Amino acid sequence: MNTAITVAGVTVEPGERRDVAPAASEWYTGDRTTLPMAVLNGVEDGPRVFVTAAVHGDELNGIAVCRQLLDTIDPERLRGILLVVPVVNVLGVQMGSRYLPDRRDLNRAFPGSHTGSIAARIARLVLDEIITGSDVGIDLHTAANHRFNIPQVRLDTSDEEALGLAIAFGAPFVLDARLRPGSLRAVAADRDVPVLTFEGGGPHRFDDDVIDVARRGVLRVLARLDMIDDPPAPAHDAPMVLHESRWLRADRGGLLELHVEPGEHIRPGQPLWTTVSPMGAEHNEHAAEDEGHVIGSTTLPLVHPGQALLHVALPGDRHPAEDDPTEEEDPGEDDDPEEWYSR
Ligand SMILES: [Zn+2]
């Protein structure tokens with residue numbers, strides 16, 4: 001039998017869901033904004049897991065995933081504690097912006113402080129109320145502006161237990177991604193809380209296929225942690241684990257025609273894109289030099305030289321998404337190509 005828990009000053013009995021909303025910041029009017037979260041306290045003991053979305057305010061897919069999870073998961077059948085936080089960056093979502101009103105990136109503001117910037121204060125609230133005391137986290141993101149990501153789970157793959165969770169998630173790709181200072185994932189790792197960062201789709205929209213991959217993925221992770229029964233089938237039954245990636249950039253400016261899509265396996269010599277000048281005088285085709293998997297792409301039709309066009313990972317290893325953890329063998333945050341490096 002589980003016991004009552006208290007989150008943000010609200011007590012939640014076993015088998016109960018309570019929605020709590022600690023103060024997060026204020027508008028210019030002085031009206032309070034809150035950090036709304038659902039606390040599901042299971043009837044039986046188990047791990048504590050958090051699911052966060054919209055740390056970047058224009059990344060909306062995770063908000064839909066959280067809503068669907070809350071429709072699905074019954075605290076009377078849950079083992080352990082689940083915190084679901086659909087809108088972490090409330091101010092950014094209201095403004096339709098990745099950032100906070102002071103242009104700060106919330107995912108670079110961790111661990112934050114009670115007396116710092118808007119971003120620092122919200123980060124500190126997330127750290128105190130959500131990350132601290134949790135065993136595992138899942139942070140839902142999309143690609144940044146003008147980009148699209150194939151569904152992928154990013155984590156430090158040297159953590160074999162977390163890698164097992166990432167494979168169970170069942171997205172097409174698992175990507176080894178270094179920790180970026182100031183990110184939610186990095187500050188959680190400092191406190192021994194592994195976080196799976198899900199990246200899928202693009203900003204300012206709902207990508208239904210991506211939302212479905214993520215919904216199934218979260219439920220499959222909860223099942224692997226023995227918190228729920230009967231998880232859905234994985235969206236992809238043998239995720240590819242990738243260890244290295246880079247962005248391929250335009251060599252010439254012009255109108256862009258991409259010849260490959262996110263998710264595609266590319267081979268040396270395969271045409272990747274053509275740039276054409278508006279008058280048609282210049283016509284430049286770019287072919288792949290190496291084998292790889294396209295995990296993200298630009299969605300812009302016009303490009304300058306140096307613009308990041310395709311995010312390509314080197315071939316990795318395929319892993320069946322096993323349901324039984326004992327059978328497991330060995331095994332973007334964000335996505336700004338100016339900032340993102342593989343290990
Ligand atoms: Zn993001």
Side-chain angles (χ1 to χ4, degrees), residues 24 35 50-66 84-112 118-120 122-123 126-127 130-131 137-156 166 169 171 173-189 194-207 210-211 213-215 217-218 245 247 262 295-299 308 311 313 332-342:
L35 179 65
F50 69 80
V51 181
T52 44
V55 168
H56 292 128
D58 59 352
E59 300 183 358
L60 308 181
N61 283 335
I63 300 175
V65 175
C66 287
V84 180
V85 194
V87 184
V88 175
N89 185 348
V90 176
L91 296 169
V93 170
Q94 290 281 1
M95 299 188 308
S97 166
R98 175 181 181 85
Y99 303 109
L100 285 156
D102 62 356
R103 299 290 299 162
R104 280 192 170 84
D105 182 339
L106 180 56
N107 212 24
R108 297 289 174 276
F110 286 89
I118 308 169
I122 295 174
V126 171
L127 175 61
I130 298 165
I131 299 171
I138 302 173
D139 191 26
L140 303 169
H141 288 252
T142 76
N145 249 347
H146 310 306
R147 297 198 188 96
F148 182 89
N149 280 338
I150 197 78
Q152 56 199 261
V153 176
R154 297 180 179 181
L155 77 159
D156 174 0
F169 195 104
F173 296 104
V174 171
L175 185 62
D176 189 18
R178 72 177 180 91
L179 293 166
R180 292 158 64 133
S183 69
L184 182 153
R185 188 161 70 92
V187 82
V195 171
L196 309 181
T197 301
F198 174 81
E199 283 275 356
H204 300 295
R205 51 189 270 188
F206 286 153
D207 300 287
V210 172
I211 290 165
V213 173
R215 176 190 64 82
V218 173
S245 71
W247 280 86
I295 57 173
S297 77
T298 183
T299 56
H311 192 188
E333 313 51 316
D334 285 76
D335 223 31
D336 182 344
E338 308 311 327
E339 286 192 57
W340 204 89
Y341 307 93
S342 57

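Note: hydrogens, waters and symmetry copies are ignored here, and every other heavy atom, side chains too, is used. Note that the structure is predicted; figures quoted are calculated from it, not measured. When a ligand or atom number is given, it counts from 1 through the structure's own listing order.
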Atom name of the N, O or S atom in H56 that lies nearest to the Zn ion (ligand 1):
ND1
Between D139 and T52, do the side chains contain an N or O donor and an N or O acceptor separated by less than 3.5 Å?
yes
Report yes or no: does N89 contribute a side-chain atom to a donor-acceptor pair with the main-chain N or O of G92 at less than 3.5 Å?
yes
H141, N/O/S atom nearest the Zn ion (ligand 1):
ND1
Hey, can you tell me if H141 and H56 have their rings parallel, tilted or perpendicular (30° and 60° cut-offs)?
perpendicular
Taking the side chain from N149 and the backbone from P151, do they hold a donor-acceptor pair closer than 3.5 Å?
no
Any N/O/S atom, side chain or main chain, of E59 closer to the Zn ion (ligand 1) than 2.8 Å?
yes
